[in-house]
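Keep in mind that what you see is a predicted model, and the values were worked out from it rather than measured.
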Amino acid sequence: MSSEVAELERAVTGPPTDWRQVMLSKVVRIITDGISSADLAALPEIHHYSLPAFDERAGPEVVPGEAIKSNKTVVPDDCVLFSKLNPRIPRIWRVRGDAPSHSYCSTEFWPLVAQGSGIDLDYLTQYLSSAAFLGHRDITPSSSTNSHQRVDRKAFERFEFALPPLDEQRRIAEVLRSVDEAIAATNAVATSMLCASKTMRHELLNVAPDGTTNDLPPGWTVASLERLARIERGKFSIRPRNDPRYFGGSTPFIQTGDITAAGDYITRHTQTLNELGVGVSRVFAAGTIMTTIAANIGDFAIASYQVACPDSVVGIEANADVDPFWLYSVLTCFKAALDRAATQNAQKNINLQTLRPLQVPVPPPALMIELAETLAAAAGGALHTKASATNLTAMKQSLMADLLSGRVRIPA
């Protein structure tokens, strides 16, 4: 039988015949040993595996025991920490036999230890983070809209999946771990490049990290932001499609969460106006600098296309004699100052009167263009590296689907 036919048969009939069908409860056990906040307070130092620490990829937090105000779960020396909270956001933390003494985790984590010798925990880590598992209706019901959904323990323990032989588990885990390492290394390079790009902006644009203006070279001036650009809040309302003021169709509608400090250009959006069923009375052209007056204070991005937005998003349209990327670059240097100027109600916010008088150091016109080109090249290199990490992540998802289903096998 040809390899192509064998591959087709596997796709039709399911996993390879030497893989066994198992329930999670038969190969792993959930550890429930806990410690009270009162007992933690007696410890001078603990290692806390928290959800924020996982998200920051910084390892467990090392804090005094008295700083912990809620009960925790003991972290075994060799385990997989699986977050039962919001399973659409995979938080699976592999502790490879190196948990320090006095290690505890949030009760949102289930510490999983192997039962018997038939499961490789590195393989389990990969499987639990796969779309095949996290996207399964028994783990993440597709109809749920609850932002604090938790995995049902009984459904988790009863979950059945095809498990390869132990040596194949290890080979699969090794391949996927090597991709993870490549992604992490590429992301680290991208982060370093973005940090260097931001430092370069402060130095070249004569704005100190605290938002104050440095001593300016000859030929530079200072101008308020409202002299350099038109500043307007977004505006939308429900309008009939035959209303002459209606803008709709495929115009992207961006929201505060689409504007972050992660990159220069807005390359994603929530929905289009047609999808939302709304019209707008104001749209912003491609090249408009976008920021928010609530949440993400001091983050800026440039619209890659014509966009509409709610009134919590501000469009800054550079004047004809002002280079948009230069203005974007200099505005990013004021993040700390804008954050300090924000008022705190239910959340931090600023208003247009905070933005309009912002004092911006302005170089001579020719230098402005040169600076914009230099900064765009530096930012472009960082974003290209970031895109490489994104592509690797997409490649890994495809590879996981093949390896974890047995459609592709790794020879011994």
Take Asp122 and Thr125 through the side chain to side chain donor-acceptor pair (under 3.5 Å) test and state the conclusion after the steps.
CA-CA 5 Å; Asp122 288 340; Thr125 301; 5.0 Å; no

Full working for side-chain contact (heavy atoms from CB on, under 4.5 Å) between Leu51 and Phe109:
CA-CA 8 Å; Leu51 295 179; Phe109 280 118; 3.6 Å; yes

Given side-chain contact (heavy atoms from CB on, under 4.5 Å), test Leu355 with Leu338 step by step and report yes or no.
CA-CA 8 Å; Leu355 291 169; Leu338 291 171; 4.1 Å; yes

List the steps, then state whether side-chain contact (heavy atoms from CB on, under 4.5 Å) holds for Arg233 with Val313.
CA-CA 6 Å; Arg233 292 169 67 168; Val313 176; over 6 Å; no

Residues Val307, Met290; criterion side-chain contact (heavy atoms from CB on, under 4.5 Å); working and verdict
CA-CA 10 Å; Val307 298; Met290 314 301 295; 4.1 Å; yes

Steps toward salt bridge (Lys or Arg N to Asp or Glu O under 4.0 Å) verdict (Arg150, Glu108):
CA-CA 9 Å; Arg150 288 174 174 82; Glu108 296 292 0; 2.5 Å; yes

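In this structure a side-chain-to-backbone donor-acceptor pair under 3.5 Å is missing from Asn319 to Asp321. Not one N or O on the side chain of Thr212 forms a donor-acceptor pair closer than 3.5 Å with the backbone of Ala208. Side chain of Ser25 to main chain of Glu157: a donor-acceptor pair is present (N/O by atom type, distance under 3.5 Å, no hydrogens or angles). Put simply, the side chain of Glu168 never gets that close to the backbone of Trp19: no donor and acceptor are under 3.5 Å apart. Checking side-chain atoms of Ser329 against main-chain N and O of Phe325 turns up a donor-acceptor pair under 3.5 Å. Side-chain atoms of His202 come within 3.5 Å of backbone atoms of Val207 as a donor-acceptor pair (strictly under, hydrogens ignored). Put simply, the side chain of Asp311 never gets that close to the backbone of Gly234: no donor and acceptor are under 3.5 Å apart. Checked by atom type and distance alone, the side chain of Thr354 never pairs as donor or acceptor with a backbone atom of Ile350 at under 3.5 Å. Formation of a donor-acceptor pair under 3.5 Å by the Asn86 side chain with backbone atoms of Gln149 is found in this model.
Among residue pairs with one or both ends in residues 32-51, none qualify as salt bridge (charged side-chain N to carboxylate O under 4.0 Å, His left out); sequence neighbours excluded. Identified under the salt bridge (charged side-chain N to carboxylate O under 4.0 Å, His left out) test for residues 59-69, with sequence neighbours left out: none. Sorted by first and then second residue, the side chain to side chain donor-acceptor pair (under 3.5 Å) pairs involving residues 391-403 (not counting sequence neighbours) are Gln126-Lys396, Asp180-Lys396, Asp402-Arg407.
No side-chain heavy atom of Leu81 sits under 4.5 Å from any side-chain heavy atom of Ile92. Looking only at side-chain heavy atoms (C-beta outward), Leu124 and Val28 come within less than 4.5 Å of each other. Here the side chains of Leu375 and Ser197 are not in contact, with every heavy-atom distance at 4.5 Å or above. Considering only heavy atoms from C-beta on, Trp93 stays 4.5 Å or farther from Cys79 through its side chain. Side-chain contact between Asp339 and Phe334 is absent, with no heavy-atom pair separated by less than 4.5 Å. Side-chain contact check for Arg94 versus Leu121: some heavy-atom pair is nearer than 4.5 Å. Annotation: side chain of Leu163 is in contact with side chain of Ile119 (closest heavy-atom distance under 4.5 Å). Within the 4.5 Å cutoff, the side chain of Cys105 has heavy atoms near those of the Pro111 side chain.
Rounding to the nearest 0.5 Å places CD1 of Ile89 at 7.5 Å from CG of Leu85. Atom SG of residue Cys195 and atom CE of residue Met200 lie 12.5 Å apart, to the nearest 0.5 angstrom. Distance check: Met400 CE to Met395 CE gives 12.0 Å after rounding to the nearest 0.5 Å. Distance CZ/Phe300 to SG/Cys333: 10.0 Å, rounded to 0.5 Å. Distance check, rounded to the nearest 0.5 Å: CZ of Phe82 to CG of Leu24 gives 9.0 Å. From Ile172, atom CD1 reaches atom CG of Asp120 across 10.0 Å, with rounding to the nearest 0.5 Å.
With sequence neighbours left out, the ring-ring contact (aromatic ring centres under 6.0 Å, His included) criterion links Phe161 to Tyr127. In this structure Trp110 satisfies the ring-ring contact (aromatic ring centres under 6.0 Å, His included) test together with Phe156, sequence neighbours excluded. Arg158 is linked by a salt bridge (Lys or Arg N to Asp or Glu O under 4.0 Å) to nothing, counting only residues two or more places apart in sequence or in another chain.
A salt bridge links Asp299 with Lys335; the closest basic N to acidic carboxylate O contact falls under 4.0 Å. Salt-bridge annotation for Glu174 and Arg170: absent, with no side-chain N of the basic residue lying under 4.0 Å from a carboxylate O of the acidic one.
When all heavy atoms of Val179 and Leu392 are compared, the closest pair comes out as CG1-O, 4.3 Å. Residues Pro363 and Leu371 approach most closely at CG-CD1, 4.0 Å, considering heavy atoms. For the pair Ala162 and Pro164, the tightest heavy-atom approach, listed with the atom from each and the gap, is O-CD, 3.8 Å. Of all heavy-atom pairs between Pro361 and Leu205, the closest is CG-O, 3.6 Å. Leu327 and Leu228 get closest at one heavy-atom pair: CD1-CD1, 4.3 Å. Closest heavy-atom contact between Pro217 and Asn206: CD-ND2, 3.6 Å.
Annotation: Arg177, atom CZ; neighbour count of heavy atoms from other residues, nucleotides and ligands within 6.0 Å is above 12. The environment of CZ in Arg340 is crowded: more than 12 heavy-atom neighbours from other residues, nucleotides or ligands sit within 6.0 Å.
Taking the six-membered ring for Trp and the full ring otherwise, the centers of Phe159 and His136 sit less than 6.0 Å from each other.
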